[in-house]
Structure formats: structure tokens, C-alpha cells
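Remember, predicted model here, so these are calculated numbers, not experimental data.
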Amino acid sequence: MGIITKDNGKKNASLMVRVPDGFAFAIDNMVGNTHSSRPDCVIDGIRRFIHFICNTEAEIMLYLQEKSDADRDVRLEFYKESIRSSTEPYRKAVTSAISKSKKDVDVLLSLPKGLAAEIDRTVERTGCFRNHQEFVKCSVVYLLREIGAENTNATLTENYLRSNQSTSELKEQIEKMKKEMSGISSATGIKHE
């Protein structure tokens with residue numbers, strides 16, 4: 001696997017990542033193609049993916065607390081399999097993107113040492129990534145899916161708010177909320193608009 005944090009006296013650790021051209025195209029469409037947009041996007045993806053993994057681990061640990069009478073090796077195996085299944089969609093997407101890629105695109109990352117160390121710990125602790133490259137590529141997939149979901153939710157919300165369905169029902173609810181707020185205002189002396 002290799003460790004990307006070496007004590008060479010620098011504040012940052014450099015890592016060259018080779019991503020499939022489809023990932024680079026998606027990143028460029030999402031955040032633009034400037035000299036720092038790809039690295040910034042990848043680093044954001046790494047941070048979000050580590051957060052996702054930590055949340056997943058917390059859920060697993062809460063579940064395993066209830067199974068404290070189980071053998072330690074069985075609990076460890078459960079942890080490893082749970083992490084593998086949680087990250088499998090991202091690992092499969094990376095494998096698929098690599099197989100469809102016509103060429104790879106290099107992205108040079110200058111990672112803060114703390115983040116590089118966190119990548120090292122996460123790759124080693126989970127045991128489900130072949131190396132740092134795979135972890136970083138999975139991070140990109142995670143970020144692209146997260147932003148895609150956020151954009152979809154924003155579009156759905158915008159379309160819903162623009163629709164005229166149930167106008168009278170919504171107006172009635174607005175009036176009811178205003179009356180409740182005015183009742184609170186008179187009781188507390190706080191004026192609500």
C-alpha cells in the first residue's frame with residue numbers, strides 16, 4: 001500500500017493520482033478546469049469520503065456494542081465485511097470507469113500532512129482498498145454522486161416551489177402559521193412579520 005506521509009520536514013505531502021478521463025471530464029463539468037479546480041475537488045472528495053467512512057464505522061461500532069459477547073475475531077470480520085459492502089459501489093464504479101477509460105489524467109495533489117495521515121490510517125484500518133490510488137478514486141466517485149444528489153434535490157425543490165398545485169391549501173397553512181406566530185408575539189411581546 002505504501003504510506004504517503006513521510007517526515008521530510010514539509011507541511012504538505014504530494015501525491016500524483018491517475019484518474020480515468022471520465023472522472024476528469026465530470027470534475028471539469030462540475031467545478032471548471034483551472035489549474036487548481038481538479039486538485040481542490042479531489043481533496044474535497046477525500047474529506048467527504050473519510051467522513052462517510054467514519055460515520056459508517058460509528059454505526060457498525062454501535063451495532064457491535066450490542067454484540068459484546070461475540071468473539072473478537074467474529075466482530076472484526078463483521079466490521080471488515082460491513083466496510084467492504086459500504087464502499088463496494090464506489091470501488092465498482094472505479095473499476096468500471098477504468099475499464100471504459102481511453103486514457104488516464106494525472107492530478108497532482110498537495111495534501112496537508114494531517115489529511116495525508118488520515119488517508120494512510122483509513123486505507124490501513126479498513127483493509128478494503130488496494131492502495132491509496134483506489135481510495136482517492138473512490139473519493140472522487142463519492143463526491144460526484146453526492147453533488148449529483150444535491151443538484152437533483154435542489155432541482156426537485158425548485159420545481160416543486162414553482163408549481164401551482166394545491167395553492168389554496170398552502171395559502172390556508174400560511175395563514176394558520178401567521179395566526180400562530182401572532183399569538184406567540186402577543187404572549188411574548190416579540191413582533192413577527
Side-chain angles (χ1 to χ4, degrees), residues 1-59 82-162:
M1 269 189 266
I3 295 177
I4 56 176
T5 53
K6 297 176 184 163
D7 191 12
N8 55 7
K10 295 182 181 178
K11 293 181 181 179
N12 292 338
S14 295
L15 176 66
M16 180 68 75
V17 181
R18 297 182 61 85
V19 297
D21 56 356
F23 285 6
F25 180 72
I27 290 170
D28 292 348
N29 281 339
M30 185 172 50
V31 297
N33 184 6
T34 65
H35 72 283
S36 65
S37 59
R38 285 181 186 167
D40 289 347
C41 184
V42 173
I43 290 170
D44 187 30
I46 291 169
R47 286 188 172 111
R48 287 189 188 200
F49 195 51
I50 288 172
H51 182 76
F52 163 77
I53 289 173
C54 289
N55 284 341
T56 303
E57 288 174 326
E59 290 173 12
S82 297
I83 288 292
R84 275 192 197 96
S85 67
S86 296
T87 59
E88 185 176 11
Y90 309 107
R91 290 183 285 116
K92 280 186 174 181
V94 167
T95 304
S96 174
I98 289 170
S99 68
K100 294 175 184 173
S101 180
K102 293 179 174 57
K103 65 178 185 171
D104 287 340
V105 176
D106 292 333
V107 178
L108 178 62
L109 303 177
S110 179
L111 301 167
K113 271 207 168 177
L115 183 58
E118 189 61 36
I119 293 169
D120 288 337
R121 288 190 295 269
T122 303
V123 169
E124 180 151 339
R125 182 179 68 245
T126 60
C128 60
F129 302 100
R130 290 187 301 257
N131 52 39
H132 296 90
Q133 293 281 326
E134 182 182 38
F135 176 83
V136 171
K137 291 172 189 171
C138 287
S139 299
V140 171
V141 171
Y142 180 80
L143 178 67
L144 293 173
R145 288 184 178 180
E146 285 287 295
I147 290 177
E150 290 167 6
N151 289 343
T152 299
N153 290 341
T155 301
L156 289 172
T157 302
E158 185 177 325
N159 289 341
Y160 177 76
L161 292 174
R162 286 185 179 174

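Screening residues 98-111 for salt bridge (Lys or Arg N to Asp or Glu O under 4.0 Å) gives Arg18-Asp104, Arg18-Asp106 as the qualifying pairs, with residues at least two apart or on separate chains.
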- For Thr126 and Thr87, run side chain to side chain contact (heavy atoms under 4.5 Å, CB included): C-alpha distance rounded to whole Å, both residues' side-chain angles, the deciding distance at 0.1 Å, then the answer. CA-CA 10 Å; Thr126 60; Thr87 59; over 6 Å; no
- Task: List the steps and the verdict of side chain to side chain contact (heavy atoms under 4.5 Å, CB included) for His132 and Ile119.
- Result: CA-CA 7 Å; His132 296 90; Ile119 293 169; 3.4 Å; yes
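Taken from CD in Gln133 to SG in Cys138, the straight-line distance is 11.5 Å, to the nearest 0.5 Å. Rounding to the nearest 0.5 angstrom, the gap separating the SG atom in Cys41 from the CG atom in Leu143 is 4.5 Å. Atom-to-atom distance recorded for Ile27:CD1 and Ile147:CD1 is 9.5 Å, nearest 0.5 angstrom. Atom OG of Ser36 is separated from atom CG of Leu108 by 12.0 Å, given to the nearest 0.5 angstrom. One distance of note links NZ of Lys113 with CG of Asn12; it measures 9.0 Å at 0.5 Å rounding. Between Leu144 atom CG and Tyr142 atom OH the span is 12.0 Å, to the nearest 0.5 Å.
Taking 4.0 Å as the cut-off between side-chain N and carboxylate O, Glu134 and Lys137 do not count as a salt-bridged pair.
Remark: the backbone N or O of Ala97 is not paired with any side-chain donor or acceptor of Ser101 at under 3.5 angstrom. Here the side chain of Glu88 pairs no donor or acceptor atom with the backbone of Ile83 at under 3.5 angstrom. Ser96 contributes no side-chain N or O that, together with a main-chain N or O of Lys92, makes up a donor-acceptor pair within less than 3.5 Å.
Taking both residues in full, the closest heavy atoms of Cys128 and Arg91 are given as O-CD, 3.3 Å, listed atom of the first, atom of the second, then distance. Scanning all heavy atoms of the two residues, the minimum distance from Val141 to Ala93 falls at CG1-CB, 3.7 Å.
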Kindly list each side-chain donor-acceptor pair under 3.5 angstrom involving residues 42-57, sequence neighbours excluded, with atom names and distances?
residue: Arg48; atom: NH1; partner: Glu150; partner atom: OE2; Å: 3.3
residue: His51; atom: NE2; partner: Asn55; partner atom: ND2; Å: 3.1
residue: Thr56; atom: OG1; partner: Phe52; partner atom: O; Å: 2.9
residue: Glu57; atom: OE1; partner: Arg125; partner atom: NE; Å: 3.4
residue: Glu57; atom: OE1; partner: Arg125; partner atom: NH2; Å: 3.1
residue: Glu57; atom: OE2; partner: Tyr79; partner atom: OH; Å: 2.5
residue: Glu57; atom: OE2; partner: Arg125; partner atom: NE; Å: 2.7
residue: Glu57; atom: OE2; partner: Arg125; partner atom: NH2; Å: 3.4

